[in-house]
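Here the structure comes first, spelled out in structure tokens, and everything after it is commentary.
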Amino acid sequence: MNDPSDPSELWASGSLDDWKALVSSYDTRIGEHKVSDHERWFRDCLPNLLVTQQGCLSKEQFIRLVEWKLARGKFRPSLRGYAAKQDPKALATASKEAYRILHDEKRGEDAVLNALRVLTGLKGVGPATASAMLAAMDDSIPFMSDEALMVCLGKREYTVKAYQALFSKMRDKQAALLANAGQDDGICIKDMEAALFASSIALSDTRGGEEKKKKKKKKKTDHGSRQKRQRHGDDKS
């Protein structure tokens, strides 16, 4: 399997090469997708900013992170509203504390869940948004995306308990992928989630293309039938 065509197919693959191939072609895959500009900022710029800021997320950065999240999945306008009303001081305090927990405590499930709970204490911030903040702080932490939820749990459930299960399954999958990998070969969990998203875009684009072809074919057929009726005087429109 060199080119998994959807998240479930990729998840079933035990080949590290399959996963890394999608990560390598990530920018090409997302192309002109609505998330592309936000995605590059989230993956390449925000993590470096948070290192410089010691985890302190500004209100402007938080709003853009929420916009990235909304572009990734179902649009929920209320989330943007909550982000715009977020108290900058509360946001700074919570994000710095979450960052401290991740980097001062042993990196494990308990530390991640403790940091997640700190962030979900902010008004309008649920586990999925909190996980996006944590993923920007540490590439060993997955974003709670729809694609990851479906392959790990088989359903979309946005709770701390569901995130705990997702995090555990993602770590187990990473361990399985790295079991036979070379010493210098690897993949971080953040990139694994990105690969799942990339495969979902490829699938949706394919389905979208097929639908367009069907509509175009139907339109052409309808047009031909209309012309035929006109020639025989059957068209009353």
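Model, not experiment: these values are computed from the prediction.
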| request: Take Lys59 and Asp87 through the test salt bridge (charged side-chain N to carboxylate O under 4.0 Å, His left out) and record every step on the way to the result. | output: CA-CA 8 Å; Lys59 183 174 179 177; Asp87 177 22; over 6 Å; no

| note | So CG of Leu134 and CD1 of Ile141: to nearest 0.5 Å the spacing works out to 5.0 Å

Sequence neighbours excluded and cut-off under 3.5 Å, please list the side-chain donor-acceptor pairs for residues 150-158, or say none.
{"from": "Lys155", "atom 1": "NZ", "to": "Glu157", "atom 2": "OE1", "distance (Å)": "3.1"}
{"from": "Glu157", "atom 1": "OE2", "to": "Thr159", "atom 2": "OG1", "distance (Å)": "3.1"}
{"from": "Tyr158", "atom 1": "OH", "to": "Asp146", "atom 2": "OD1", "distance (Å)": "2.5"}

| request: Give the minimum heavy-atom separation between Ser131 and Met144, together with the two atoms involved. | output: OG-N, 2.8 Å

| query | Where do Lys69 and Phe42 land on the side chain to side chain contact (heavy atoms under 4.5 Å, CB included) test, with the steps shown first? | reply | CA-CA 10 Å; Lys69 177 179 176 291; Phe42 177 79; over 6 Å; no

Compile the donor-acceptor pairs under 3.5 Å between side chains in residues 116-124 and protein atoms, sequence neighbours left out, one pair per line.
{"from": "Thr120", "atom 1": "OG1", "to": "Leu116", "atom 2": "O", "distance (Å)": "3.2"}
{"from": "Thr120", "atom 1": "OG1", "to": "Arg117", "atom 2": "O", "distance (Å)": "3.1"}

| Pairs flagged by salt bridge (Lys or Arg N to Asp or Glu O under 4.0 Å) wherever residues 158-170 is involved - sequence neighbours left out | none

| field | Residues that Tyr163 engages under ring pair (Phe, Tyr, Trp, His ring centres under 6.0 Å), provided they are two or more places apart | value | none

| said: Rounded at 0.5 Å granularity, tell me how far CD in Gln174 sits from CD1 in Ile189. | reply: 4.5 Å

| query | When rounded to the nearest 0.5 angstrom, what distance separates CE in Met137 from OH in Tyr99? | reply | 8.5 Å

| field | Side-chain donor or acceptor of Ser13 paired with backbone N/O of Glu9 under 3.5 Å | value | no

| query | Looking at residues at least two apart in the chain, or sitting in another chain, which of them share a salt bridge (Lys or Arg N to Asp or Glu O under 4.0 Å) with Arg64? | reply | none

| Where do Cys56 and Ala92 come nearest, in terms of heavy atoms and distance? | SG-CB, 3.5 Å

| task | Can you sort out the partners of Ser168 under side chain to side chain donor-acceptor pair (under 3.5 Å), two or more places apart, ordered by chain and number? | result | none

| Given the rule in the side chain to side chain contact (heavy atoms under 4.5 Å, CB included) test, do Asp6 and Leu10 qualify, once you have shown the distances and angles that lead to the verdict? | CA-CA 6 Å; Asp6 66 78; Leu10 177 61; over 6 Å; no

| OG1/Thr93 to CG/Leu57 distance, rounded to the nearest 0.5 angstrom? | 12.0 Å

| How would you list, by chain and number, every residue that makes a side-chain contact (heavy atoms from CB on, under 4.5 Å) with Ala83, sequence neighbours excluded? | Phe62, Ile63, Val66

| said: If the condition is side chain to side chain donor-acceptor pair (under 3.5 Å), which residues does Glu97 pass it with, not counting sequence neighbours? | reply: Arg100

| Atom CG of Leu70 and atom CG of Leu65: how far apart are they, to the nearest 0.5 Å? | 9.5 Å

| Which atom names give the shortest non-hydrogen contact between Arg171 and Gly108, and what distance separates them? | NH1-CA, 4.2 Å

| said: How close do Leu102 and Val112 get, counting heavy atoms only, and between which atoms? | reply: CD2-CA, 4.1 Å

| note | side-chain contact (heavy atoms from CB on, under 4.5 Å) filter on Lys173, not counting sequence neighbours, yields Trp11, Trp19, Leu177, Met192

| Is there a donor-acceptor contact under 3.5 Å linking the side chains of Ser15 and Asp17? | no

| message | Do Glu39 and Tyr26 pair up side chain to side chain, a donor and an acceptor below 3.5 Å, judged on atom types alone? | response | yes

| query | Who passes side-chain contact (heavy atoms from CB on, under 4.5 Å) against Cys188, sequence neighbours left out? | reply | Asp139, Lys190, Asp191

| Residues that Phe167 engages under ring pair (Phe, Tyr, Trp, His ring centres under 6.0 Å), provided they are two or more places apart | none

| request: Using side-chain contact (heavy atoms from CB on, under 4.5 Å) as the criterion, list what pairs up with Ser58, not counting sequence neighbours. | output: Glu60, Gln61

| Between Glu193 and Arg72, is the closest basic N to carboxylate O distance under 4.0 Å? | yes

| task | Without swapping roles, check the side chain of Ser199 against the backbone of Leu196 for a donor-acceptor pair under 3.5 Å. | result | yes

| task | Determine the minimum heavy-atom distance between Arg43 and Ala194, stating which atoms define it. | result | NH1-CB, 3.3 Å

| remark: Tightest non-hydrogen contact, residues Leu166 and Pro142, listed as CD2-CG, 3.6 Å

